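A quick write-up on the structure given underneath.
Here is how names work: the chains are called A, B, and so on, in the same order as the sequence lines, proteins then strands, and each is numbered from 1. These numbers come from a predicted model, not from an experiment. Hydrogens, waters and symmetry mates play no part in the numbers below; they use all other heavy atoms, side chains included.
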Amino acid sequence: MALEKPYQDIPGTTIFDADQSRLGYHLNQFCMSLMKADNRARFKADERAYLDEWPMTEAQKQAVLDRDLNRCIALGGNIYFLAKIGATDGKSFQQMAGSMTGMSEEEYREMMLGGGRSVEGNRYIGEDGDAQAHHQPQGRRN
Amino acid sequence: MAKITASVYTSHVPAIGAAIDLGKTTDPYWVPLFKGYEPSKEWMEANKPDVIFLVYNDHATAFSLEMIPTFAIGCAAEFQPADEGWGPRPVPVVQGHPELAAHIAQSVIQDDFDLTIVNKMDVDHGLTVPLNLLCGSPEAWPCPVIPFAVNVVQYPVPSGRRCYNLGRAIRKAIESYDRPLKVQIWGTGGMSHQLQGPRAGLINREWDNAWLDKLIHDPEAAAAVPHVEYVRESGSEGIELVMWLIARGAMDDVAGGPPPRQVHRFYHVPASNTGVGHLILENQ
């Protein structure tokens with residue numbers, strides 16, 4: 001019997017369940033390795049070479065090189081693990097989260113200062129909120 | 001005998017830790033947040049416990065994907081602040097309470113909750129930010145702390161009901177410890193936030209406050225909220241709120257005592273990506 005997934009009708013949201021975790025095991029463990037200062041230095045010195053030490057898929061490695069966090073998550077990454085890449089780059093959680101919306105850093109920050117993203121229209125896939133697939137990417141430049 | 005004197009609830013946003021560590025607490029962005037914790041610090045000063053039982057979640061720090069304990073109790077004598085990728089936070093080493101922790105583990109496991117016993121564990125912002133918010137930035141934390149880590153990273157996380165009932169078992173365990181210790185139980189994490197995907201930045205002030213009302217006055221109803229409602233209404237990371245139910249389940253009224261006294265309640269948006277909630281409830 002497949003896993004029951006009552007959370008799949010929520011737009012713009014990937015739940016890190018056992019299927020995602022299995023898919024992203026090595027990607028996330030690579031991220032985990034960046035908790036050590038020596039590893040951060042080696043990664044920064046030659047990202048490609050460091051990634052090649054891990055049995056990740058080419059798509060996962062490319063997503064990391066591109067810092068495409070939405071792609072990383074689709075390929076099994078979890079935000080708390082991916083945050084180690086952000087920390088290595090000197091990025092805050094806000095910068096990382098914002099990067100997944102298509103908004104500029106300023107636009108995202110403004111949205112948060114204004115009380116955050118509204119849940120209206122963003123509860124179920126098929127509504128018309130700003131997190132719905134047909135409104136991506138967000139932000140004035142898009 | 002030991003006694004649970006109060007429960008404390010607070011979000012544990014990493015950016016709050018960064019603001020403290022980088023001396024930004026007087027920046028206009030942060031002033032309203034820290035102001036909301038001033039009464040809490042005064043209360044803490046006047047009501048210093050002997051031990052804090054601190055429920056939090058590890059954010060891929062001590063636990064990678066190699067092992068994912070649902071409930072992990074820290075039984076060590078001390079816990080080092082972790083390097084989460086930015087270098088370890090400049091905060092005191094956390095002193096544990098191995099005797100009480102072992103007693104709780106024994107009592108709760110025999111009460112049918114299968115805890116993981118952890119004798120070596122670094123602690124991340126989930127544990128140290130709440131300590132800063134209530135205790136400031138002292139040379140040493142004011143009392144020993146028993147870290148209690150809950151998996152809210154990989155689904156399935158424990159249900160709100162399970163957490164609430166676990167709180168009841170923890171209360172029983174603490175109150176059967178034969179030394180006269182004053183123990184506070186803290187539940188941390190939440191409130192609404194989503195850190196991932198096109199829906200990142202979701203905040204639901206109304207839902208957060210309605211949930212807080214329920215937690216205070218009708219904890220049974222709060223415990224009955226299913227996972228998917230947290231995710232849908234308060235964001236994928238809003239699920240951390242199940243941890244508050246462990247602390248709430250440990251209060252006297254749940255075991256037939258009088259309702260708790262509300263000492264302080266505070267809500268603020270935003271801290272980075274997050275709706276910050278905070279509550280102090282005292283047993284009467």
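Heavy atoms only, all atoms of each residue included: B/Pro198 and A/Ala131 are closest at O-CB, 3.7 Å.
For the set B/Leu195, B/Ile68, B/Val157, B/Val13, the entry with the most heavy-atom pairs within less than 4.5 Å of chain A is B/Leu195. Ranked by heavy-atom pairs under 4.5 Å with chain B, the list A/Gly116, A/Gly86, A/Ala97, A/Pro6 is led by A/Ala97. Heavy-atom pairs under 4.5 Å with chain B were tallied for A/Leu69, A/Ile79, A/Leu34; the largest tally goes to A/Ile79.
Contact of A/Met32 with chain B is made through the side chain alone, with heavy-atom distances under 4.5 Å. Both the backbone and the side chain of A/Met35 come within contact range of chain B, each with at least one heavy atom under 4.5 Å from a heavy atom of that chain.
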So which donor and acceptor atoms of chain B and chain A come within less than 3.5 Å of each other?
from	atom 1	to	atom 2	distance (Å)
B/His59	O	A/Lys84	NZ	3.3
B/Ala60	O	A/Lys84	NZ	3.0
B/Ser64	OG	A/Gln29	NE2	3.3
B/Leu65	N	A/Gln29	OE1	3.1
B/Asp83	OD2	A/Arg40	NH2	3.1
B/Gly85	O	A/Arg40	NE	3.4
B/Gln154	OE1	A/Ser21	OG	2.7
B/Tyr155	N	A/Phe16	O	2.8
B/Gln194	NE2	A/Gly12	O	3.3
B/Gln194	NE2	A/Thr13	OG1	3.0
B/Gln196	OE1	A/Thr14	N	3.2
B/Gln196	NE2	A/Thr14	O	2.9
B/Pro198	O	A/Arg117	NH2	3.0
B/Pro198	O	A/Gln138	NE2	2.8
B/Arg199	N	A/Gly12	O	3.3
B/Arg199	O	A/Arg117	NE	3.3
B/Arg199	NE	A/Thr13	OG1	3.2
B/Arg199	NH1	A/Asn122	O	2.8
B/Ala200	O	A/Arg117	NE	2.9
B/Ala200	O	A/Arg117	NH2	2.9
B/Gly201	N	A/Tyr108	OH	3.2
B/Gly201	O	A/Arg117	N	2.8
B/Ile203	N	A/Arg117	O	3.1
B/Arg232	NE	A/Tyr124	OH	3.4
B/Arg232	NH1	A/Asp9	OD1	3.1
B/Arg232	NH1	A/Arg123	O	3.1
B/Arg232	NH2	A/Asp9	OD1	3.2
B/Arg232	NH2	A/Asp9	OD2	3.4
B/Glu233	OE1	A/Arg123	NE	3.2
B/Glu233	OE1	A/Arg123	NH2	3.3
B/Glu233	OE2	A/Arg123	NE	2.7
B/Glu240	OE2	A/Tyr80	OH	3.1
B/Ser272	O	A/Gln94	NE2	3.0
B/Asn273	OD1	A/Tyr108	OH	2.7

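With sequence neighbours excluded, no residue satisfies ring-ring contact (aromatic ring centres under 6.0 Å, His included) with B/Tyr164.
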